[in-house]
> 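My questions all concern the structure below.
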Amino acid sequence: MKTKSAYWITPLISIALLSVLLFSVACNVSQNRDMALSGSRDSYVLNVYDKFPKVPLPDDNPLTKPGIELGRKLFYDPILSGDSTQSCSSCHMQRFAFGDESRFSKGMDNINGERNSPTIINCAWQPKYFWDGRAVSLEEQAIGPVENPIEMHASWKNVVAKVQRSEIYPSLFQQAFGTNHVTKKLVAKAIAQFERTLLSMNSKYDRVVRGEDTFTEQELRGLNLFFTERADCFHCHGNILFTDQSFHNNGLDKTPQDTGLEKYTGRKRDIGKFKTPTLRNLAFSAPYMHDGRFQTLEEVIDFYSEGLNNSSTIDPLMKNVKKGGVRLTKKEKADLISFLNTLNDTSFITNPAYSNPFENPL
Amino acid sequence: MNNFQIHIMKSKIKVSIGKCALLMFAILLFVGCKGNEEKTGIIINMAYSVNGKELEVEKKLYPTKAGHTYEVHRLKYYLSDIALEDEHGNSVLLDNAHLFDILRPSSNTFTFGQIPLRSYKKLSFVFGLDESKCKEGGLPNTIENNRMEWPVPGEKGYHYMKFEGKYDSLNTGVMKNFNLHTGPTKNNKNYVHISLDLPKIKAGKPQFKITLDMDLDKIIHGPNNYDFAMFGQGIMANQKAQAILKQNMQNVFTIKSINR
């Protein structure tokens, strides 16, 4: 019954079927290999709305639920400090948007550093960390504080041994990384995973962008100042992250005591340059600037309006330095501040998923 | 099986044979076409100069005809609709939009897959972005593009160029800033169509590399004299300044070399 031509169709179909089969087997194999490498784990996806760029995640430290939970515990656990009194959260507190209200955070030995603890907000997108950008990944950053004498003043060897000895951690490392062997690298990886989940995108500004809310007249006037060359904040604090993540001398000092980026690069032209911080959650993150010199937003705006100091490394974008600043009227200053306040996100500082797991187990 | 069923089966088989043949033919055609014309890799490379000498960032003071000297700190800009035109007038699109940044070397060389191995007579591009791209969300949502946003209420889109530095005002030792930010000021079409002639030589294999030169001095001198002092430091809302720069941008790019 079969016609001659039907015979050559059959092998074609079989080849097609066979390749589909082979393909799916191959896929399964590679999937299984991944599972074997990393232990069983549920991967975790950061949900951001479409104005935010894709989150850049490192290939060698994907987000997983057990990894994030472990990182959260380590972030809040004083076990990482020399005398078990300090945790990351001693200086990076959720209620201060993961910054610190004191100008210079006190480390374990009550020694003050010379820089204000920065906030940790939407840091997943950040390419460089610290005020001078000397760390290029969160993993690298997290290694620093433990041994820093003015921070946690411990040795990694002791810390790793303490964590290994603890009752809870080895099994959490097993769940997160498929090994109960604690290492400095894995501690840093877990903390970095937790930090990447610290997303703030529910401010009034975000709601307006999503069409769920509207600005008041005053906020709109402030927005017009912010996003035009009148107040000219957006060239450095623009886009959805409210930071260009670059380094600038914004005119705080004629001769900076802390030379910022220059300390790290050694280049004269980098004197006084610091990383632009985000302007999200300013209501919670006072004091302001790398040395916490300003207590209020009013002081900050006065500075940009008429308090700039000229120097050879001042950023070209500080266009009005010759006049001391952008010279805002009293009303404009109030408008600008009212706009800045639309960037506050209360859900960020109250989100239980970011809170101390030893007080608030989820 | 009765005759009727057999008849139906036969015709089904015929249909599928017909379809198959058609598909095979299409595949052959496709493969054949691809095989017919040889391809080669293409690299576009941007070099920077001032008055014909290699650019030195934040080091050297360059003279302006308005009597100042200036130094360059940063320069970022978009070229878009970058295309090659072959000798028969067919155009091959290389890139929709590319962000160049003098401080990010990797941004100044870009490869765009494979192009037909033909003789090309023109390289054309838009300096800046036309309306289809210069709008909110007009470019891919990347951190680099977001940093170029032109967020002026009612205008939106992206800066075409941010050229930033300092100048010694009338050579008096008083340093001032300059920020030549061009873009869709008040929704004006300030982008520029640029077309550069190529010698009609056949592209080489395995790579055809075109090196362009951007002479920064032409931005402020060619042909109009742009005086930093006259327009002040913020020109995003100043269409007069934008128009001058728009004219000058025509003369900023030249073909520097071609490696076949």
Side-chain angles (χ1 to χ4, degrees), chain A residues 1-10 12-13 48 50-56 125-127 209 220-221 223-236 238-246 248 267-270 276 310-323 326, chain B residues 1 5-6 9-14 16-21 23-24 57-59 70-74 103 136-137 140-156 158-159 162-167 169 174-181 228 232-238:
Chain A
M1 175 218 85
K2 271 186 182 164
T3 61
K4 208 169 139 199
S5 34
Y7 284 109
W8 67 267
I9 287 187
T10 326
L12 256 187
I13 293 174
V48 303
D50 61 1
K51 271 288 263 183
F52 282 82
K54 197 171 158 258
V55 191
W125 286 275
Q126 233 170 264
V209 168
L220 261 183
R221 288 197 303 271
L223 175 142
N224 269 291
L225 294 167
F226 188 93
F227 283 118
T228 61
E229 285 177 305
R230 177 68 191 93
D232 209 352
C233 311
F234 71 95
H235 277 118
C236 300
N239 76 63
I240 199 72
L241 300 171
F242 289 91
T243 163
D244 66 352
Q245 306 172 321
S246 300
H248 306 275
R267 292 191 312 205
K268 284 260 173 305
R269 64 160 112 139
D270 290 335
T276 312
N310 205 354
S311 66
S312 65
T313 61
I314 193 153
D315 200 275
L317 285 164
M318 302 311 294
K319 299 169 190 163
N320 296 288
V321 60
K322 282 272 149 26
K323 293 186 281 171
V326 286
Chain B
M1 224 181 259
Q5 274 176 318
I6 289 172
M9 277 207 57
K10 266 189 186 163
S11 63
K12 262 194 185 159
I13 288 167
K14 261 188 207 146
S16 37
I17 292 170
K19 270 190 189 162
C20 248
L23 193 77
M24 293 292 278
V57 177
E58 264 189 73
K59 255 193 207 146
Y70 70 102
E71 64 183 18
V72 176
H73 285 222
R74 294 184 287 249
L103 300 181
E136 206 174 345
N141 186 358
T142 63
I143 289 179
E144 280 75 23
N145 286 335
N146 292 359
R147 284 190 198 136
M148 290 296 282
E149 276 170 1
W150 180 278
V152 176
E155 295 177 20
K156 301 289 183 194
Y158 304 86
H159 288 77
K162 294 187 192 179
F163 178 22
E164 299 163 358
K166 300 192 177 185
Y167 68 97
S169 181
V174 179
M175 294 301 284
K176 294 183 175 175
N177 301 331
F178 71 85
N179 290 274
L180 305 192
H181 289 192
F228 300 129
Q233 303 186 23
I235 58 160
M236 289 174 71
N238 187 338

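Only this structure's heavy atoms are used, side chains among them; waters, hydrogens and symmetry mates stay out. In the text below, chain A, chain B and the rest are named by the order of the sequence lines, each starting its count at 1.
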> Has Lys176(B) got a side-chain atom pairing as donor or acceptor with Lys322(A)'s backbone, closer than 3.5 angstrom?
no

> Decide yes or no for Asn179(B) and Glu229(A): does some side-chain heavy atom of the first lie under 4.5 Å from some side-chain heavy atom of the second?
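They are not in contact (no side-chain heavy atoms under 4.5 Å apart), so the answer is no.
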
> Give, for atom CE of Met236(B) and atom CG of Asp232(A), the distance between the pair rounded to the nearest 0.5 Å.
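Going from CE on Met236(B) over to CG on Asp232(A), the span is 7.5 Å.
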
> According to ring pair (Phe, Tyr, Trp, His ring centres under 6.0 Å), who are the partners of Tyr158(B), at least two apart in sequence or on a separate chain?
none

> Is there side-chain contact between Asn177(B) and Leu317(A), with heavy atoms separated by less than 4.5 Å?
no

> Please report the interatomic distance CZ(Phe227(A)) to CD(Glu149(B)), rounded to the nearest 0.5 Å.
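Going from CZ on Phe227(A) over to CD on Glu149(B), the span is 8.0 Å.
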
> Quick one: are Pro53(A) and Thr142(B) in side-chain contact, heavy atoms under 4.5 Å?
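Sidechains of Thr142(B) and Pro53(A): no contact.
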
> Sequence neighbours excluded, which residues qualify as side chain to side chain contact (heavy atoms under 4.5 Å, CB included) partners of Val209(A)?
Tyr49(A), Lys51(A), Tyr205(A)

> By a 4.5 Å heavy-atom criterion (distance strictly below it), what part of Thr243(A) contacts chain B: side chain, backbone, both, or neither?
neither

> Taking the side chain from Asn239(A) and the backbone from Ile143(B), do they hold a donor-acceptor pair closer than 3.5 Å?
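Not at all, since once roles are kept as given, no pair shorter than 3.5 Å links the two residues.
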
> Let me know if Glu136(B) has heavy atoms under 4.5 Å from chain A in its side chain, its backbone, both or neither.
side chain

> Minimum heavy-atom separation for Arg74(B) and Asp315(A), please, with both atom names.
NH2-OD1, 2.6 Å

> Measure distances from Lys54(A) to the heavy atoms of chain B and classify the residue's part below 4.5 Å as side chain, backbone, both or neither.
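For Lys54(A), the contact with chain B is made by the backbone alone.
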
> How long is the straight-line distance from CD1 of Ile240(A) back to CG of Asn141(B), given to the nearest 0.5 Å?
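Going from CG on Asn141(B) over to CD1 on Ile240(A), the span is 9.0 Å.
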
> Checking Phe226(A) against chain B: side chain, backbone, both or neither under 4.5 Å from a heavy atom?
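Contact with chain B involves no heavy atom of Phe226(A) at all.
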
> Tell me, out of Met148(B), Met175(B), His159(B), who's got the most heavy-atom pairs with chain A below 4.5 Å.
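The answer is His159(B).
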
> When heavy-atom pairs shorter than 4.5 Å are enumerated against chain A, which of Gly234(B), Pro151(B), Gly165(B), Pro140(B) gives the highest number?
Pro151(B)

> Please confirm whether the backbone N or O of Ser312(A) pairs with a side-chain atom of Lys166(B), one donor and one acceptor, at under 3.5 Å?
yes

> Look at the aromatic rings of His235(A) and His181(B) and report parallel, tilted or perpendicular, splitting at 30° and 60°.
perpendicular

> What pair of heavy atoms forms the shortest contact from Glu164(B) to Pro316(A), and how long is it?
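The pair with the smallest heavy-atom distance is CB-CB, 4.2 Å.
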
> Heavy-atom distance under 4.5 Å to chain B: side chain of Leu220(A), backbone, both or neither?
neither

> Which heavy atom of Asp244(A) sits nearest a heavy atom of Arg147(B), and at what distance?
O-NE, 2.9 Å

